[in-house]
Amino acid sequence: MTSNLLRINLIKLCFAVCHLLLMGSVLAQTPGYQKITWDDLLNLEWYQQMKKDMASYGRMAFLKDGSEEAEKLMASMRSKLDEAPISTKYINQKIRMPGFVVPLDAVRNGQREFLLVPYFGACIHTPPPPANQIVLVTPHPKLNLSKPLETMEVIWVEGELKESRTKTASGVSGYSLEAIQVYPYKALHNTKK
């Protein structure tokens, strides 16, 4: 009888600990920050125009690599991507968003500035996305990360979104954000908007 009671109490304790761990990741979210997606950062008029323009860029497949015409077309496309207008809907608002980390320096501490990008390999293995799909993230001085962020690590960041076109070696960002919180993606992937 005592061993059954002990077993039941142990099971209850395990459930309580699991519940606290799961709730801890949800409770870690800062109140007042709204979840946004990468689509929320697109300027819709620019996006519609780019969809039309991409038809003309399709002829690049038939151009010889390194030819003058191919180089001009690539430069034109890169210019449109780097000058992509932002959406002002969330400017100066407290947001939470996911993305992949692209470090901007070799400093391996919690104050490492980085780009937040929407897909794996952006700015590293593939050309940079449009400026309205890149966020320059600066950790808040009081932000304490348990470990340095790694290249292409998937995270959530929280902070106030700002308009800030910044050219870096990895790409041109249209937004900036001072991160007050950074979470592993897994911890918050089920949060609602």
(request) Nearest 0.5 Å please: distance from the OH atom of Y119 over to the CE atom of M152. (result) 9.0 Å
(message) I'd like to know if V182 and I180 are part of one continuous hydrophobic network [Ile/Leu/Val/Met/Phe/Trp/Tyr, side-chain heavy atoms within less than 4.5 Å].
(response) no
(request) Answer with yes or no whether the hydrophobic clustering places V154 together with L115; edges join I, L, V, M, F, W, Y residues whose side-chain heavy atoms lie under 4.5 Å apart. (result) yes
(message) Under the criterion side-chain contact (heavy atoms from CB on, under 4.5 Å), I'd like the reasoning laid out for V137 against V101: C-alpha separation, chi angles, the key distance, then a yes or no.
(response) CA-CA 9 Å; V137 179; V101 173; over 6 Å; no
(message) Please enumerate all residues that pass side chain to side chain donor-acceptor pair (under 3.5 Å) together with S76, with sequence neighbours excluded.
(response) Y57
(message) Using every non-hydrogen atom in the two residues, find where W46 and L42 come nearest and quote the distance to one decimal.
(response) CZ3-CD2, 4.0 Å
(message) Run the side-chain contact (heavy atoms from CB on, under 4.5 Å) test on N92 and E160 for me, step by step, so that the C-alpha distance in whole Å, both residues' side-chain angles and the decisive distance to 0.1 Å come before the verdict.
(response) CA-CA 6 Å; N92 299 321; E160 191 172 316; 3.9 Å; yes
(request) Apply side chain to side chain contact (heavy atoms under 4.5 Å, CB included) to P118 and list each qualifying residue two or more places apart in sequence or on a separate chain. (result) W38, P129, Q133
(message) Can a donor-acceptor pair be found, under 3.5 Å and without considering hydrogens, that links the side chain of R112 to the backbone of D105?
(response) yes
(request) State plainly whether one hydrophobic cluster holds both F100 and I124, where clusters connect Ile, Leu, Val, Met, Phe, Trp and Tyr through side-chain heavy atoms under 4.5 angstrom apart. (result) yes
(request) Please check if the side chain of E153 supplies one atom and the backbone of E150 the other of a donor-acceptor pair under 3.5 Å. (result) yes
(request) Output yes when a side-chain donor or acceptor of T126 lies under 3.5 Å from a complementary backbone atom of G121, and no otherwise. (result) yes
(request) Check step by step if side-chain contact (heavy atoms from CB on, under 4.5 Å) holds for I155 and F114. (result) CA-CA 12 Å; I155 61 169; F114 60 92; 3.8 Å; yes
(request) Just jot down the salt bridge (Lys or Arg N to Asp or Glu O under 4.0 Å) partners of E178, sequence neighbours excluded, or say none. (result) none
(request) Determine whether V135 and L145 fall in the same hydrophobic cluster, where Ile, Leu, Val, Met, Phe, Trp and Tyr are linked whenever their side-chain heavy atoms lie under 4.5 Å apart. (result) yes
(request) Give, for atom OG of S173 and atom NZ of K167, the distance between the pair rounded to the nearest 0.5 Å. (result) 12.0 Å
(request) Indicate the atoms forming the closest heavy-atom contact of I95 with Y33, along with that distance. (result) O-CD2, 3.4 Å
(message) side-chain contact (heavy atoms from CB on, under 4.5 Å) for Q48 and E45? Distances and angles first, verdict last.
(response) CA-CA 5 Å; Q48 294 301 328; E45 292 168 10; 5.9 Å; no
(message) Counting only heavy atoms not in K162 (residues, nucleotides, ligands), do more than 12 fall under 6.0 Å from its NZ?
(response) yes
(message) Could you report the tightest heavy-atom contact between A84 and P130, atom names first, then the distance?
(response) CB-CB, 3.9 Å
(request) Spell out, yes or no, whether V172 and Y47 are grouped together once hydrophobic residues are joined by side-chain heavy atoms under 4.5 Å, including indirect joins. (result) no
(request) Nearest 0.5 Å please: distance from the CE atom of M97 over to the NZ atom of K35. (result) 11.5 Å
(message) With a sphere of 6.0 Å drawn around CE of M74, does it hold more than 12 non-hydrogen atoms of other residues, nucleotides or ligands?
(response) no
(message) Just verifying a value: how many Å separate E158 CD and L143 CG, rounded to the nearest 0.5 Å?
(response) 10.5 Å
Side-chain donor-acceptor pairs under 3.5 Å in residues 61-72, sequence neighbours left out?
from : atom 1 : to  : atom 2 : distance (Å)
S67  : OG     : K64 : O      : 2.9
S67  : OG     : A70 : N      : 3.2

(request) Could you list all the salt bridge (Lys or Arg N to Asp or Glu O under 4.0 Å) pairs where at least one residue sits in residues 76-92, not counting sequence neighbours? (result) D53-K80, R78-D82
(request) Look only at the side chain of N132 and the backbone of L41, and say whether a donor-acceptor pair between them is shorter than 3.5 Å. (result) no
(message) Measuring from atom CG of L136 to atom OG1 of T166, what distance do you get when rounded to the nearest 0.5 angstrom?
(response) 5.0 Å
(request) Evaluate the ring planes of W156 and Y185, with Trp represented by its six-membered ring, and classify them as parallel (under 30°), tilted (30 to 60°) or perpendicular (over 60°). (result) parallel
(request) Enter the distance from I134:CD1 to I86:CD1 here, rounded to the nearest 0.5 Å. (result) 13.5 Å
(message) Test of understanding: with side chain to side chain donor-acceptor pair (under 3.5 Å), list the residues that count as partners of T138, not counting sequence neighbours.
(response) E113
